[in-house]
Every structure is written in structure tokens, then in C-alpha cells.
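Note that the structure is a prediction, hence the values are computed from the model and not measured. Within every chain, numbering begins at 1; the chains are lettered A, B, ... in the order of the sequence lines, protein sequences first and strands thereafter.
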Amino acid sequence: MTIADALATEISSVLGELGIALDDTVVHLERPARLEHGDLSSNIALALAKQVGSSPRELAGRICEALQARTIEHVVSVEVAGPGFVNFRLANSWLHAVLVAVVAEGVDDYARLDLGRGERVQVEFVSANPTGPLHVGNGWLGSYGDALARLLRRCGWQVSTEYYVNDTGNQIRMLGESVLARRSGNAVPEQGYQGAYVLELAERYEGPDSVEDAGRYAAEEILKSIRLTLDRLGIVFDEWYSQASIEESGKVTETIALMRARNLIYEEGDATWLRSTELGDVRDRVLIKANGDATYLAGDLAYHRDKFLVRGFERVIDVFGADHHGQVASLEAGVEALGIDRSRLEVKLGQLVSLVSGKMSKRSGNYVRLDELIDEIGPDATRLMSLMSSIDQSTTLDLDAVTAKSMDNPVFYVQYAYARISSIGRVCEERGVIRREIDEVDLSVLGHPRELDVLRSLYTLPSVLREAATERAPYKVTNFVRTLAGEFHGFYHDCRVLGDGVSEAETQARLWLVEATRVGLSIALTLLGVSAPEQM
RNA sequence: GCGCUCGUAGCUCAAUUGGAUAGAGCAUCUGACUACGGAUCAGAAGGUUGGGGAUUCGAAUUCCUCCGAGCGCACCA
């Protein structure tokens, strides 16, 4: 139980004493933006004032008085401030207790949560068409999906990651035509793929002059190189699911039958339609074209039926680029048409990554390849850069700045903190300094503002992970790790761990502070998929 | 034209989901170790949160309304 939970319990109990019912108001403690407002703060009086029928300050005063009458561990003072906040000031001992918890639970167990309660969730991401190399935007959402999966796993979900391979349809046909055109020395068709990689594939392709064969060959080759690129970033997929396998299996027919049984299918103009307007879409959608082919949507719905009803995922998270938002309404309608509660499907739309010098487009052939970026700044920097901000925010990448100043990248700042920690360990070894067991060490000597700042950061990690997981926002972990690294650099600068001017007691306590920091950095970096080097 | 997603310091992004004086990094200027790795630390400057209304104890956040940007509006995938 954290100190915040303990204080929330005390407040609830005090409210009971005062005869105030909570109804659905939840007591929760926040860390004020300013330290002068105390270590923890509650806005409960502001939230309940109207219901109770008194002014927020007056109510806060009563709550405060009742709290002052109690003895609560670590609490030094309780006071009313501002419009009616109840602020708690805590003794440093609460942070020393945090340190003990961090090192006792360690990398595996500190800030390991059970929010998901074992729920089976599938995260589908990247799923780029195998018609060309991945570009930077794919890498951004790839890092996002992978980090989200790691985060959800740590927070108690049972996660499976998946790449949906669009290995059929017009785009593959067009790819085949482009390869054949290049092989025979002709111009690539208007809607075809112009990139240099098509020329390379044409040179290697030894099959017949068949669009299907050439397309299948090219798609397979491109998919191989996509896997290699993703490998470089440590992005792992549990499943690679073929769209062609769906269309060949008869699952589309079964899926349509299911919707027909719910009276949501009709025929018109030789085509088969889904009555999606009844389920919130702006128009009805064709599932089977007049020529008998299934549309992309039909395949996609069969795919989602497979996710939910065949494989039994309780929740599915689809990560799409914002340029696919047009298909969300029909997908959601279709899922509901299958009798699946639409709240079980979450579609996360990632805003597009644009470059300072023009935007990226796969067709035009002038986009920036993910491999090029990794070549320039390395996999760690690529991952951290892509996890710096919310995917709801459209990001602009200044390629010149990122590549030219790669030594100034935030990833080095964070990794440097880890390397410094490792360095302290090496120096200890050289000088024969031995860290004693933590219960033999007096942690109360840790009182320097820099030391307390580090511990305060570590205290926030569980709530950071809770927020990041529930909001599907791994960038919050990036913010955390940057803050923790910053606090550690400050500590390192002002508080010497080893040396002549440092007492034995300080050295021992600080060695444990260093170890706790290592645990915190390690947890966060692992979630982000960024390495923690012992030397740089 | 309709719809979706957005608009925060010169630039790239935060803001405890409605909380107290909107914060970091980069860039600019000024400082700091004979000591565990200076890829560090400290300070200064930088804002009418696109504009205007509304809701309430309280708004960058919610609701209208303009302005601007990106994307999408197929029997393509």
C-alpha cells in the first residue's frame, strides 16, 4: 500500500466520522505541481462542497482538523490551502520506505501491476502492405505498438502482437505489373511502384511473365526485408497473419452468413451490401462486388471475426495511421454486425509523421526509409525519438537536426545516467568498497534535496505505468525515464557517493539510492525497448 | 461541400484528464569541478494556450462559433 492509498483511506474514514457520504466521488491524492503545496494533496473538499452545502474552504477546514487529531505514519502536517485543497507534508521517512520497496521488489516486481487481470488482448500494428520498404512513419507506429504490448504485459494483460499482411488484391497485382515492366525495360504503369527496389526485384525475379507470380514473389521478398528492419528495432510479432489465407479459407462467406442472420445484409445491383448505416456508419458498404470478388472490408471483417470469435481475444487494439481513419466507422459497424460489443475493439489512430522537408509518400518514391534513419542515429535513438510524444499529436521530424546532432539526442542523456551508475559499481570494485545489506544501512541520512528528488521520481513509477497502460500512452514512460535520469544527474553532480569527504554512512545509503535508480531506469528502458548500456 | 484528427515558448513536445503561478528539452545568453565519466549541473530570457463567446469556486482541457493545418470521403486496398 502506497502512502497515497493510506492517506485516501484516512480521508474516507474522516468523512465517515463527519457524516459525509462519498457516493461516486473517489478520494485520490495528487502530487502538487509545487513543492510548497506539500508532498501530497487532495481536492476532495472542492469536489464535495456543493453536495455538502458548504464552502470548499470551510469543508476542507473540518476535514483538516479531524485529520490533525489522528496520528498517521510519515505525516508531519496537514493544512488547508488555496481554494480548499487539503495538503499533506510528509517526513523524509516516506521516501526512505519507497527506496526499500524499490530495491526489495527489484526490476521484476517493482511497479508490476495487475490492471489487466489476465485479459487476453491482441495488439495489431504496422501491417504495412508488402509493396515497399518501411518508412519512418511505420517505424513510429511500430515502436508504439511494441512498447504498448510490453507495457500491457507488465500491467497484467495477456498480450499477443500481430502483423496483418495484405498479400492479395490490386496493390499486389500492381506490384507484379511494376516488376514485369521493369524486367522488360518498360516504363512502370501510372499507378505502379516507382522505387529503386522494384528494379532490384525485377533483376532477381526469374519466374514467368505472370502478374500473379511476379507479385507474389515481390511481396514475399519485400516482407522478408520488412522483418529485418523491424528486427533492428527489437519489434517482435507473435503472429504474421495472411490476408490471402482468409480469402481462400471461406471465412468471408461464413462471416457474411453471420451478418445475414442478423438481417444486416442485402443485395443490390448484383453486389452484396452491409447495412452499416444502421450501426453508425455514414453509408452502407459493399462486401461482395458485382464481379464476385470480396472487398477489403469483407476480408477485414472476416479477419476481425477470427480475432474475436475464433481465437477468442477479449479485446483487440488496432493501431492505424491517421490516413486510415476513414475505415474506422465501417469496421466498428461491421464488428457490431457480427454481434461483438464494439467496446472490445479499440482503434488507435497515429497522427502522421511529417518531415521538415516535404512529407512522406510511399508511391512517389521520395519517402525516407526507416532503415536509413536507423543507419544514421541507431536503433535506440530511433525508438526513443518515436516514443517521445503522444501518437495523438502529429509530429514533425527535422531529419537534419536529428541526424546531425545525434550526440545531443535525449537517448544519450538517459543512457549516460545508466552508464554512470555502472561506473560507480566499477569504482567500488576497484577500491574495495562493499555495499552492506539494506537493513544494516541507515537510510535516514538521505535528506539532501537531490536525493529526495530521485526518490520522489521513483515513487511515481507505479502510477506512471498505470496511466500509460490505461491511456495506451507509452510516451509517458519516456517522460518518466527522462525525468528520473535528470534527477539522477543532479544527484550525481551534488552528492558524491565515494571519496574522502563522504562519510561511511552516506556512502552506504547513497549506494542504495544508486541501486534503486538503476532498477527504475532498467524497468522503464526495457518497456521502451531501449538498451541500458554499462559503458558508452 | 461533408466527416475525422489536431492547433500550447523561435523549434520539438509536456501539463497528474476540470485544479493552485501552463512546464521540459533544443536553440540564445551567463555561470559551475585539481574529487565516483563535463555526453553533466545551475541561472537568465522566452506565453493573450489560433481568435471570440458560454458553462463554474476554477478552463490549455468541456460546449458553441469563426480561422488555420493534416487526413479521409470507391463495387481501391
Side-chain angles (χ1 to χ4, degrees), chain A residues 28-34 36-37 41 43 46-47 49-50 55-57 81-85 87 129 131 166 168-172 174 191 243 268-273 282-283 285-291 293-297 299-300 321-329 349-352 354 356 359 385 388-390 392-398 401-402 405 407-410 412-413 415-417 419-428 430-431 433 450 460 463-464 467 471 475-476 479 482-483 486 489-502 507 510 514 535-536:
Chain A
H28 88 281
L29 281 286
E30 295 176 343
R31 175 141 83 105
R34 291 166 196 286
E36 67 210 57
H37 293 136
S41 171
N43 67 346
L46 292 155
K50 189 172 286 180
S55 82
R57 273 200 76 100
F85 290 99
N87 292 344
N129 293 346
T131 52
N166 294 8
T168 181
N170 273 353
Q171 298 196 16
I172 301 301
M174 195 58 69
Q191 296 294 311
Q243 182 180 356
E268 189 177 299
D270 289 333
T272 302
W273 294 73
V282 293
R283 53 183 298 161
R285 305 285 172 175
V286 172
L287 295 178
I288 304 293
K289 303 181 219 171
N291 70 5
D293 287 349
T295 60
Y296 177 82
L297 177 62
D300 209 18
D323 54 338
H324 287 84
H325 74 76
Q327 61 189 249
V328 175
L349 290 176
Q351 293 298 308
L352 299 184
S354 56
V356 167
K359 59 181 178 180
M385 289 299 293
M388 291 259 284
S389 65
S390 161
D392 298 330
Q393 189 79 9
S394 58
T395 58
T396 309
L397 190 62
D398 185 341
V402 170
K405 298 172 185 167
M407 293 309 271
D408 215 9
N409 189 297
F412 295 99
Y413 183 80
Q415 292 183 321
Y416 185 48
R420 277 180 150 176
I421 288 171
S422 305
S423 170
I424 290 172
R426 288 190 292 271
V427 173
C428 277
E430 283 167 23
R431 300 186 188 175
V433 177
R450 296 292 210 174
T460 64
S463 63
V464 166
E467 275 178 34
E471 292 168 33
Y475 77 91
K476 298 204 169 200
N479 286 350
R482 294 179 71 189
T483 303
H489 284 309
F491 158 78
Y492 185 91
H493 190 266
D494 286 357
C495 304
R496 188 147 273 279
V497 177
L498 305 166
D500 294 339
V502 188
T507 292
R510 285 174 178 171
V514 169
Q535 292 183 52
M536 294 175 67

For RNA chain B, report each stem as range with range, ordered by first number, or say none. Use Watson-Crick or G-U wobble pairs under 3.5 Å, at least 3 in a row. B:1-7 with B:67-73, B:10-13 with B:23-26, B:28-32 with B:40-44, B:50-54 with B:62-66
Which protein N or O atoms sit under 3.5 Å from an N or O of nucleotides 10-14 of chain B?
| unit_1 | atom_1 | unit_2 | atom_2 | d |
| --- | --- | --- | --- | --- |
| B/U12 | O3' | A/T396 | O | 3.4 |
| B/C13 | OP1 | A/S394 | O | 3.4 |
| B/C13 | OP1 | A/T396 | N | 2.7 |
| B/A14 | OP1 | A/S390 | N | 2.6 |

With a centroid cutoff of 5.5 Å and a plane-angle limit of 30°, would you call A/F85 stacked on B/A20? yes
For a quick check of understanding: with a heavy-atom distance under 4.0 Å over all strands, which category does A/E430 fall into, base, sugar-phosphate or nothing? nothing
Under 4.0 Å, counting only non-hydrogen atoms across every strand here, what does A/R420 touch: a base, just sugar-phosphate, or nothing? sugar-phosphate
If you only use heavy atoms from C-beta on, which nucleotide in B/A77, B/C71, B/G19 is closest to the side chain of A/Y296? B/A77
Looking only at side-chain atoms of A/Y416, point me to the closest of B/A20, B/C75, B/G38. B/G38
Regarding A/R431, tell me which of base, sugar-phosphate or nothing describes its non-hydrogen contacts under 4.0 Å with the strands shown. sugar-phosphate
Rounded to the nearest 0.5 Å, what separates atom CG in A/L287 from atom OG1 in A/T272? 7.0 Å
Which of these nucleotides, B/C6, B/G38, B/C41, is closest to any side-chain atom of A/Y413? B/C41
Does OP1 or OP2 of B/G23 have a side-chain N or O of A/R34 closer than 4.0 Å? yes
Mind checking side-chain hydrogen bond (donor to acceptor under 3.5 Å, both in side chains) for A/S389 and listing every partner two or more places apart, or none if nothing turns up? none
OP1 or OP2 of B/C76 sitting under 4.0 Å from any side-chain N/O of A/K289? yes
When you compare the protein's N or O atoms with those of nucleotides 42-50 of chain B, which come within less than 3.5 Å of each other, and at what distance?
| unit_1 | atom_1 | unit_2 | atom_2 | d |
| --- | --- | --- | --- | --- |
| B/A42 | OP1 | A/R450 | NH1 | 3.2 |

Considering only heavy side-chain atoms of A/Q243, the closest of B/C75, B/A77, B/A20 is B/A77
In Å and rounded to the nearest 0.5 Å, what is the CE to CE distance from A/M388 to A/M385? 5.0 Å
Select one nucleotide: of B/C36, B/A77, B/U16, the one nearest the side-chain heavy atoms of A/S423. B/C36
Do the side chain of A/Q327 and the base of B/A77 come within less than 3.5 angstrom through a donor-acceptor pair of N or O atoms? yes
So which nucleotide from B/U16, B/C75, B/G25 ends up closest to the side chain of A/R482? B/G25
For A/L498 and A/I424 the tightest heavy-atom approach is CD1-O, 4.2 Å
How do A/C495 and A/A271 order along RNA chain B: which one's closest nucleotide is nearer the 5' end? A/C495
Over all strands shown, is A/E467 touching base, sugar-phosphate only, or nothing at heavy-atom distances under 4.0 angstrom? sugar-phosphate
Okay, side chain of A/R31, backbone of A/S41: is any donor-acceptor separation there less than 3.5 Å? no
N/O to N/O distances under 3.5 Å, protein versus nucleotides 58-63 of chain B:
none

A/R496 side-chain N/O to B/C41 phosphate OP1/OP2 under 4.0 Å: no
Of all the nucleotides listed (B/U16, B/A77, B/C4), which has the minimum atom distance to the side chain of A/H325? B/C4
Distance-only donor-acceptor test, A/D293 side-chain atoms vs B/A77 base atoms, 3.5 Å: no
Set of side-chain hydrogen bond (donor to acceptor under 3.5 Å, both in side chains) partners for A/R450, sequence neighbours left out: A/D494
Counting any heavy atom closer than 4.0 Å, what does A/H489 reach on the DNA or RNA strands: base, sugar-phosphate only, or nothing? sugar-phosphate
With the stacking rule set at 5.5 Å and 30°, tell me whether A/H324 counts as stacking on B/G72. no
